[in-house]
There are 2 protein chains.
Amino acid sequence: MEGNRLQRVTIAQVADRAGVSTATVSRALSGTRPVSEEVRRRVLAAARELGYSGNSIASALRRNRTDTVGMVVPSIGNPFFTSLVESVEHVLQAEGRQLFLCDSRQDPEVERQHLRSMIARQVDGIIISPCHGSESASAVQAAADAIPLVQLDRHVADTSTDWVGVDDHEAMRLVLEHLHATGARSAAFVSSAMTNSSTELRLAGFRRQTERLGIRTRPDWILLGEYSMAWGRSATAELLDGAELPDAIVCADDLIAIGALRTCRARGVAVPDDMQITGYDDIDFADLVDPALTTVNQPRDRIAAEAVRLLATAETWGGTSAHTALAPSLVTRQSTASPERSARYLTGAEHQESSSRS
Amino acid sequence: MEGNRLQRVTIAQVADRAGVSTATVSRALSGTRPVSEEVRRRVLAAARELGYSGNSIASALRRNRTDTVGMVVPSIGNPFFTSLVESVEHVLQAEGRQLFLCDSRQDPEVERQHLRSMIARQVDGIIISPCHGSESASAVQAAADAIPLVQLDRHVADTSTDWVGVDDHEAMRLVLEHLHATGARSAAFVSSAMTNSSTELRLAGFRRQTERLGIRTRPDWILLGEYSMAWGRSATAELLDGAELPDAIVCADDLIAIGALRTCRARGVAVPDDMQITGYDDIDFADLVDPALTTVNQPRDRIAAEAVRLLATAETWGGTSAHTALAPSLVTRQSTASPERSARYLTGAEHQESSSRS
DNA sequence: TCGCTGCGTGTAATCGTTTGCCGAGCAGTT
DNA sequence: AACTGCTCGGCAAACGATTACACGCAGCGA
């Protein structure tokens, strides 16, 4: 076994071997300018023989672009973000670009460092789902001043960057109208205390729709903790210990809802007969728990594609920003009752609620 | 809103502002060589005022290192790999290094491209869980020839790179001894058909241990498909439709096992009374399904730490390789019966089975 | 006073590509 | 023959940081 690492082969060596200049090698390989067929063949052969693989660091320095976009998510452990990442990576790969992924661990300080590091690394753009509604703001704005940036799903207040996500109000309308149709007349809401746009909009949507539909709720039925199963379990335990039981528990994400399901099962509360439960995100597991979870589906591929597209336009347009809210759809499963009417799947048609260049 | 992107600030501008040379700025900021207190203050002030954030591309080109390690996993959607990624990122972050993550989507060709791209990108090292036992080999070997590389969990044949993972034979011994103790006398094995080291070693371990313990099995009880719940479901359906039922189903990963659980529930087969089921990996959901899954825990943090450590030594030692097998442990939950003896948690002590420098 | 050491700083080369500019060669036009 | 236009290829200057080397200056012992 050789003790020494192979010496990296440079464009100059390829040029030597092919008997041309480095400029010609560069052009032959990248195709930025035409090269005679004869020379191209010699260059390709030399490159292959030497195992030349280029140095994208040097290339990036010269071209001032890395063909890489950075992505920051609050928690890669959350299946919703995991699949969002998969979608984004898929879209990028189709364009021959790479994804640089970071996990902020729900910590604005970690998030700030990741953003700085991405700027220093000269990524071509940043896709971020900020972990906090206010504490993330300054770092996000600073990053947006330096390079194209689009916020995904969540967004921070007071910034003028692109954003793409779903219409949370619409989602809550779908959920509560469905519950209303199944006969629910009172509902609790379990969410995260972390202030961020998703959390706030979902809560606001819940309040507005319960009021509109005449579904009763109470201050002690609004439970705010974190996006996790553990919180779903303890919040539900708290509800079940309360004086009065709601007809339904609306959860701000699937993890919470799955926790709620488990506590109900453990306490012998039948779902959906004694208690209806809804989630949000439609993660893979939502269909695999028992009973399967009624939840809000976010069009993840569409969101990812839109984010990448916005990034591209921001590269050229810079400065103006667009907010794109896509329509969510409701996926009804066994954790809620069937409405009297036969329709089992109330799937809202996709629509573009607002899209504006300012 | 300004239409123009802020011009990136360079070290030269900081130098101008602080009234020193670029060399001094570099030294003041990196601390590679002492600088007078007075000058350091001026430089730091200038850098802060201008919002200087460095250009790690240029730095990387000159220093020939990026402080970034690349990681390639077969599927980021698989919770086991997700949490492995989290662990690795955690370890790296403690050292101020970054993780460049890629998903090979179980495709050796995609994997090859990602590896090439990482080499071109000059990552300092690569951590990979190869997606295929033989088809990944050439790309992995080629990458290992260029830069330090350590294989994680799975590994390909015929390469001389570092590897760290768990001892699959030991894991199967724990599983089958436990099943034997609970009274199981026959067992099926459901795994992936993808040839890779984990798959093969787990199957070999299953065969050896069933034979040793006198647990009966049959050729048509060895079902090979893929690491997914869907496969777990259909394989189990196939088993249940068979002429004879085994006492237990040993699954090569938790996703398969969860699929198996669901099919049993759907078919009215009681777990663990009529059928015992075990998984492998101890993903978060293993504890959350019903009944909770008995499974093999891999010490993920330990694996991650070891991988990063090996990478560091490979940077200096280059050429010699080490194989490190950590001890797995069995987590017994409700999907298997209690053995007569009272011990509920048979947790193997961690040991280092083999560690050799060649 | 003369070296000598050591510290702090500046100058300029360097990392490996890409690309603006130029010139050689060739064909077609006047 | 002179000129124009076009294509292909080379020269050398970037890109923005790091760092080998050199230099000036102070302190210090001889």
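Note that this is a predicted model, so its numbers are computed, not measured. Residue numbers begin at 1 in each chain, while the letters A, B, ... track the order of the sequences.
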Exercise. May I have all residue pairs that pass ring-ring contact (aromatic ring centres under 6.0 Å, His included) and include part of residues 23-53 of chain B, sequence neighbours excluded?
Key: none

Practice problem: Give the angle between the helix axes at the two ends of the helix from dT1(C)-dA30(D) to dT30(C)-dA1(D), taking five base pairs at each end and rounding to 10°. | Solution: 60°

Practice problem: By nearest nucleotide on DNA chain D, pick out whichever of Ala12(B) and Gly19(A) is the more 5' one. | Solution: Gly19(A)

Quiz item: Hey, does the side chain of Ser26(A) come within less than 4.0 Å of dT17(C)'s phosphate (OP1/OP2), counting only N and O?
Solution: no

Practice problem: Take the protein atom CD1 of Ile11(B) and the nucleotide atom P of dT14(C), then report the distance between them rounded to whole Å. | Solution: 19 Å

Quiz item: Which residue pairs pass the ring-ring contact (aromatic ring centres under 6.0 Å, His included) test when at least one of the two sits in residues 129-156 of chain A, sequence neighbours left out?
Solution: His155(A)-Trp163(A)

Please output the side-chain donor-acceptor pairs of residues 84-92 of chain B that fall under 3.5 Å, not counting sequence neighbours, one pair per line with the distance.
residue  : atom : partner   : partner atom : Å
Ser87(B) : OG   : Ser83(B)  : O            : 3.1
Ser87(B) : OG   : Asp301(B) : OD1          : 2.7

Practice problem: Can you sort out which residues in residues 32-55 of chain A have a heavy atom within less than 4.0 Å of DNA chain D? Ascending by number, please. | Solution: Arg33(A), Pro34(A), Val35(A), Ser36(A), Val39(A)

Exercise. Could you tell me the separation between the CZ atom of Arg63(B) and the C1' atom of dG16(C), rounded to a whole number of Å?
Key: 17 Å

Practice problem: Give every residue pair that meets the side chain to side chain donor-acceptor pair (under 3.5 Å) criterion with at least one member in residues 15-28 of chain A, sequence neighbours excluded. | Solution: Arg17(A)-Glu49(A), Ser21(A)-Thr24(A)

Quiz item: What residues form a ring-ring contact (aromatic ring centres under 6.0 Å, His included) with His114(B), not counting sequence neighbours?
Solution: none

Quiz prompt | Spacing between Leu61(B) atom CG and dC15(D) atom P, to the nearest angstrom | solution = 14 Å

Quiz item: Looking at side-chain heavy atoms only, is the closest gap between Val73(A) and Ser104(A) below 4.5 Å?
Solution: no

Quiz item: Nearest-Å distance, CG (Asp67(B)) to P (dA17(D))?
Solution: 16 Å

Practice problem: Send over the distance from Gln13(B) CD to dA17(D) P, rounded to a whole Å. | Solution: 9 Å

Quiz item: For Arg27(B) and Asn64(B), take the nucleotide of DNA chain C holding the closest heavy atom to each; which residue's nucleotide lies nearer the 5' end?
Solution: Arg27(B)

Practice problem: Take the protein atom CG of Leu29(A) and the nucleotide atom P of dG16(C), then report the distance between them rounded to whole Å. | Solution: 16 Å

Exercise. Starting at atom CZ of Arg8(A), determine the distance to atom C1' of dT17(C), rounded to an integer number of angstrom.
Key: 13 Å

Quiz prompt | Given DNA chain D, 5'-ward residue of the pair Ala58(B) and Ala23(B), judged by closest heavy atom | solution = Ala58(B)

Exercise. Record whether the side chain of Arg62(A) comes under 3.5 Å of the base of dT17(C) through a donor-acceptor pair of N or O atoms.
Key: no

Quiz prompt | Arg112(A) and Ser138(A): side chain donor to acceptor below 3.5 Å | solution = yes

Quiz item: Do the side-chain N or O atoms of Thr10(A) get closer than 4.0 angstrom to the phosphate oxygens (OP1, OP2) of dG16(C)?
Solution: no

Practice problem: Can you sort out the partners of Arg63(A) under salt bridge (Lys or Arg N to Asp or Glu O under 4.0 Å), two or more places apart, ordered by chain and number? | Solution: Asp67(A)

Practice problem: Not counting sequence neighbours, which residues clear ring-ring contact (aromatic ring centres under 6.0 Å, His included) with Phe100(A)? List them please. | Solution: Phe100(B)

Quiz item: Touch check for Ser21(B), heavy atoms < 4.0 angstrom, all strands: base, sugar-phosphate only, or nothing?
Solution: base

